[in-house]
Amino acid sequence: INPQLDATLDIGFSSVRWKDAYLSGGVYLGGTAAINKLDDVESGLWTATIGGTSGNPSSVTYLSQSSMYTKVGDIVTVTGTLGFTTYTGGSGTLQIVGLPYTAANVAPNYTVGAALLEKVVLTSGYTWAVARTIANQTYLEVIEAGTNIGWRGIQVSQYPSSATGKYINFTVCYRAA
């Protein structure tokens with residue numbers, strides 16, 4: 001294919017399409033500037049674990065550690081479910097540890113995503129929880145917030161150790177370092 005005029009030829013037609021493209025580099029979408037080059041797409045599974053900012057639990061009995069990721073360029077979307085019955089030890093802000101890529105150190109220094117927590121005891125006045133990245137780290141912090149009250153880290157101890165079937169469901173999209 002050697003077009004004589006810029007932007008005048010298509011590859012294939014709506015009814016006669018090409019099947020696969022194998023490239024040794026990237027593809028430019030919507031322009032020729034470096035920002036338009038897509039040269040990295042991947043997806044996979046990763047194993048998340050429970051942690052704490054002041055100390056990780058010494059043992060955790062997991063029911064589920066189902067986590068996956070998709071990376072397009074330097075944007076990573078992680079989603080998963082952590083289920084556990086018991087844990088021993090651990091302190092500080094609750095963490096989801098083991099992100100597949102380190103979070104970038106760009107403004108803002110953290111990105112926030114969804115978190116659904118089952119059987120956690122929120123602090124009085126706090127009504128919802130989210131998960132967020134921390135710059136240059138490979139974990140998510142789980143924080144609680146409320147209307148006109150601000151936010152704070154959910155402590156590992158806010159999950160009652162005696163409750164069975166504790167779950168954390170999460171989805172966060174962040175920029176990789």
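What you see is a predicted model; the values in this text were computed from it and never measured. Along the sequence shown, the residues carry numbers beginning at 1. The basis for the numbers below is simple: all heavy atoms, side chains too, and nothing from hydrogens, waters or symmetry mates.
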For [X] and [Y], test the side chains for any donor-to-acceptor distance below 3.5 angstrom and give the result as yes or no.
X      : Y      : value
Thr111 : Thr133 : yes
Arg152 : Thr123 : yes
Thr79  : Thr171 : yes
Thr70  : Thr77  : no
Thr86  : Thr61  : yes

[X] and [Y]: which non-hydrogen atoms are nearest, and at how many Å?
X      : Y      : value
Ser66  : Ser64  : N-OG, 3.6 Å
Leu38  : Val41  : CD1-CG2, 3.9 Å
Ala115 : Ala131 : CB-N, 3.7 Å
Ala103 : Ile134 : CB-O, 3.4 Å
Val156 : Gly51  : CG2-O, 3.7 Å
Thr127 : Gly146 : OG1-CA, 3.8 Å

Got a donor-acceptor contact below 3.5 angstrom from the Glu144 side chain to the Leu122 backbone?
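Side chain of Glu144 to backbone of Leu122: no pair is present.
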
Can you tell me if Trp46 uses its side chain to pair, donor with acceptor, with the backbone of Pro100 under 3.5 Å?
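Side chain of Trp46 to backbone of Pro100, a donor-acceptor pair under 3.5 Å: no, none is there.
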
Could you check if a side-chain atom of [X] sits within less than 4.5 angstrom of a side-chain atom of [Y], using non-hydrogen atoms only?
X      : Y      : answer
Leu94  : Gln158 : no
Pro57  : Ile50  : yes
Val121 : Pro160 : yes
Leu140 : Arg132 : no

Within this structure, what is the [atom1]-[atom2] distance for the pair [X] and [Y], rounded to the nearest 0.5 Å?
X      : Y      : atom1 : atom2 : answer
Gln137 : Gln95  : CD    : CD    : 8.5 Å
Lys119 : Ile168 : NZ    : CD1   : 13.5 Å
Thr53  : Gln155 : OG1   : CD    : 6.5 Å
Thr138 : Tyr101 : OG1   : OH    : 13.0 Å
Arg175 : Thr102 : CZ    : OG1   : 15.0 Å
Ser59  : Tyr87  : OG    : OH    : 11.0 Å

For Cys173 and Ile75, what are the C-alpha separation, side-chain angles and deciding distance, and is it a side-chain contact (heavy atoms from CB on, under 4.5 Å)?
CA-CA 7 Å; Cys173 186; Ile75 303 300; 3.4 Å; yes

Co-membership, hydrophobic cluster, residues [X] and [Y], 4.5 Å side-chain:
X      : Y      : answer
Tyr69  : Val142 : yes
Tyr62  : Ile96  : yes
Ile35  : Tyr28  : no
Leu23  : Ile11  : no
Tyr139 : Val172 : no

Using a cut-off of 6.0 Å, state whether more than 12 heavy atoms not belonging to Asn148 lie near its atom CG.
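Check fails, neighbour count at 12 or below.
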
Please indicate whether Leu29 has more than 12 foreign heavy atoms, meaning atoms of other residues, nucleotides or ligands, lying under 6.0 Å from its CG.
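Yes, because the 6.0 Å sphere around CG of Leu29 holds more than 12 heavy atoms from other groups.
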
Could you give all pairs that pass the salt bridge (Lys or Arg N to Asp or Glu O under 4.0 Å) test and reach residues 37-48, with sequence neighbours left out?
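Sorted pair list: Asp40-Lys71.
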
Carboxylate-amine/guanidinium proximity below 4.0 Å for Lys166 and Glu118:
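Answer for the salt bridge query: no.
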
Any pair with a residue in residues 145-177 that passes ring-ring contact (aromatic ring centres under 6.0 Å, His included), sequence neighbours left out, goes on the list, sorted by first then second residue, please.
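Checked against ring-ring contact (aromatic ring centres under 6.0 Å, His included) - neighbours excluded - the pairs reaching residues 145-177 are Phe84-Tyr159.
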
In a check of side chain to side chain contact (heavy atoms under 4.5 Å, CB included) between Ile154 and each of Val120, Ile143, Thr93, which one passes?
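So, applying the side chain to side chain contact (heavy atoms under 4.5 Å, CB included) to Ile154 and each of Val120, Ile143, Thr93, only Val120 qualifies.
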
